[in-house]
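Note sheet for the following structure.
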Number of protein chains: 2
Amino acid sequence: MSPPARRTTLVDDVYESIKGQLMDLVIEPGARVNIEALARDLAVSPTPVREALARLESDGLVRKRAMSGYTATPLLTADQFEQLCQLRALLEVPAARLAANHPDAAARAALTSAVTPPSAEIDPTDYRRYAPFTAHDAAFHDRLARLSGNPMLADSIVRLHAHLHLHRLYLPAGPATDTVAEHRAVAAAIAAGEPAAAAAAMTEHLTATRARHIVAFSTTETGKE
Amino acid sequence: MSPPARRTTLVDDVYESIKGQLMDLVIEPGARVNIEALARDLAVSPTPVREALARLESDGLVRKRAMSGYTATPLLTADQFEQLCQLRALLEVPAARLAANHPDAAARAALTSAVTPPSAEIDPTDYRRYAPFTAHDAAFHDRLARLSGNPMLADSIVRLHAHLHLHRLYLPAGPATDTVAEHRAVAAAIAAGEPAAAAAAMTEHLTATRARHIVAFSTTETGKE
DNA sequence: CACGGCAGAATCCTATAGGATCTGCCGGCA
DNA sequence: TGCCGGCAGATCCTATAGGATTCTGCCGTG
């Protein structure tokens, strides 16, 4: 009965586990990732660990140097953070516009329920057991992205959230109440089916978010590549 | 002297090789990917093949079903192709605008030299030994994306090209001369440092490209997920 | 003729072993 | 003091083996 039947592969479990450790900062940005040590921690062999790391590399969460192993992706520099904000605006503002045009009014309204920050409503099977609020924020943006009706657009957006998340854990940032209020404005415009208002609210939110986070770079500058 | 010194990992070679086979349609979309068969072909063990496939999965070129192996990602449906075009417009039009604002005038002008379709100028070390023209098209868009000055934006754009490429190989599409002419217009606007004109030219190009390719779906509809 | 079940083969997934490479430390020399 | 070369330990990369699971073809039954 020890391993009688597995409905999921070890590699998948290991992948989620390592991803969680990276998101929780158990493995700090820039730190070297020891394959055998991870394998011992997870009580598996190095083989599935290597495969999981290969996937995480394509996700941009770790980097590989030939014959030298993996390292956790370092934090973004100030320039890179600016570029990330710029890219978010290019993707998420149109996503909000599209979501407001979604034909299913009920689905649009359901987004409003996602703005309330319930700390206990987070799916425990998901890998997001880390800092509750930043996970909630990511969940809201993910739902909105999927509501755009363009899965490829949603994937591109979701892919960016991992990097943002790491920075949020390094600073307390501005008051969460502001973020919730901005989310509420976006959700309201989408529920009302007003694309222009939704786009404007999202632009406002992203601008405010950038302002809340950019101050962290003035004090602690990593400077690393 | 058999394997005296390797400056690159076997996994990297295998990754590029499999990617090439997918791009060349040696492995057809939707086909099952046999790990051991690939390992025999490449004269390596299954271990590096598995690791390469894990990376390709994150790239979206293959899919994994637990306990059942990998399959090459099927061709896009008509809906997905529309979504891809929409996403390209969101990313590449701003990229053209940014490229036109690039401070280095020489770099902007260098893009113009990339519009000529020299079939022999393709880097042989690159994995793009497949259909020459579509590779040239991808190279042009890649260079333009990098010229935007936003590496994250460029990565998001490049990530979309793989899927587009597969479709280009399934149809002769419209005359290549049109594509080259459109590229020339985009490059000229960027070289001249005119963001609005560059954005307009890119919009035109993407619209025309979509029109050239969308007709292929009316005849052969895969219908698969 | 259609459908469900079963045995064999093929394939996948994980663990382990061994050769090759890199990193850190230590002593010698300018 | 500062720099360079070499050795030991740790780590990585690849190959191979074996248990577990899935797929395929065949047979029997309704």
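The chains referred to below are lettered A, B, ... by the order of the sequence lines, with proteins before strands, and numbering in each begins at 1.
- Between A/Lys64 atom NZ and C/dC22 atom P there is a gap of 13 Å when expressed in whole angstrom units.
- Listed in residue order, the members of residues 38-58 of chain B having a heavy atom less than 4.0 Å from DNA chain D are B/Val44, B/Ser45, B/Pro46, B/Thr47, B/Pro48.
- Residues B/Ala114 and B/Arg143 approach most closely at CB-NH1, 3.8 Å, considering heavy atoms.
- Side-chain N/O atoms of A/Ser68 include none lying less than 4.0 angstrom from OP1 or OP2 on D/dT11.
- Atom-to-atom, OH of B/Tyr15 to P of D/dC13 comes out at 17 Å; the value is rounded to the nearest Å.
- Rounded to whole Å, the distance from OH on A/Tyr70 to P on D/dC12 is 10 Å.
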Only distances under 3.5 Å count here; give the side-chain donor-acceptor pairs of residues 81-96 of chain A to other protein atoms, sequence neighbours excluded, each with its distance to 0.1 Å.
unit_1	atom_1	unit_2	atom_2	d
A/Glu82	OE1	A/Arg210	NE	3.0
A/Glu82	OE2	A/Arg210	NE	3.4
A/Glu82	OE2	A/Arg210	NH2	2.8
A/Gln86	OE1	B/Asn150	ND2	2.9
A/Arg88	NE	A/Glu92	OE2	3.0
A/Arg88	NH2	A/Glu92	OE2	3.2
A/Arg88	NH2	A/His141	ND1	3.4
A/Glu92	OE1	A/His141	ND1	2.7

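- Taking side-chain N and O atoms only, B/Arg65 has no distance below 4.0 Å to OP1 or OP2 of D/dT21.
- Atom P of nucleotide C/dC22 and atom CZ of A/Arg32 are separated by 12 Å, given to the nearest angstrom.
- Considering only heavy atoms from C-beta on, B/Arg212 comes within 4.5 Å of B/Thr179 through its side chain.
- Rounded to whole angstrom, the span from the CG atom of A/Leu10 across to the P atom of D/dG19 amounts to 17 Å.
- Side-chain nitrogen and oxygen atoms of A/Asn34 include none within less than 4.0 Å of the OP1 or OP2 phosphate oxygen of D/dA10.
- Atoms CD (B/Glu36) and P (C/dA9) sit 16 Å apart, rounded to a whole Å.
- Remark: P of D/dA15 and CD1 of B/Ile35 are 14 Å apart, rounded to the nearest angstrom.
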Practice item. Might you work through the ring pair (Phe, Tyr, Trp, His ring centres under 6.0 Å) test for B/His167 and B/His213, ending with a clear yes or no? Key: CA-CA 8 Å; B/His167 276 274; B/His213 291 352; 8.5 Å; no
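- There is a side-chain donor-acceptor pair under 3.5 Å between A/Asp137 and A/His183.
- Taking the side chain as every heavy atom from C-beta outward, A/Leu160 and B/Met152 never approach each other to under 4.5 Å.
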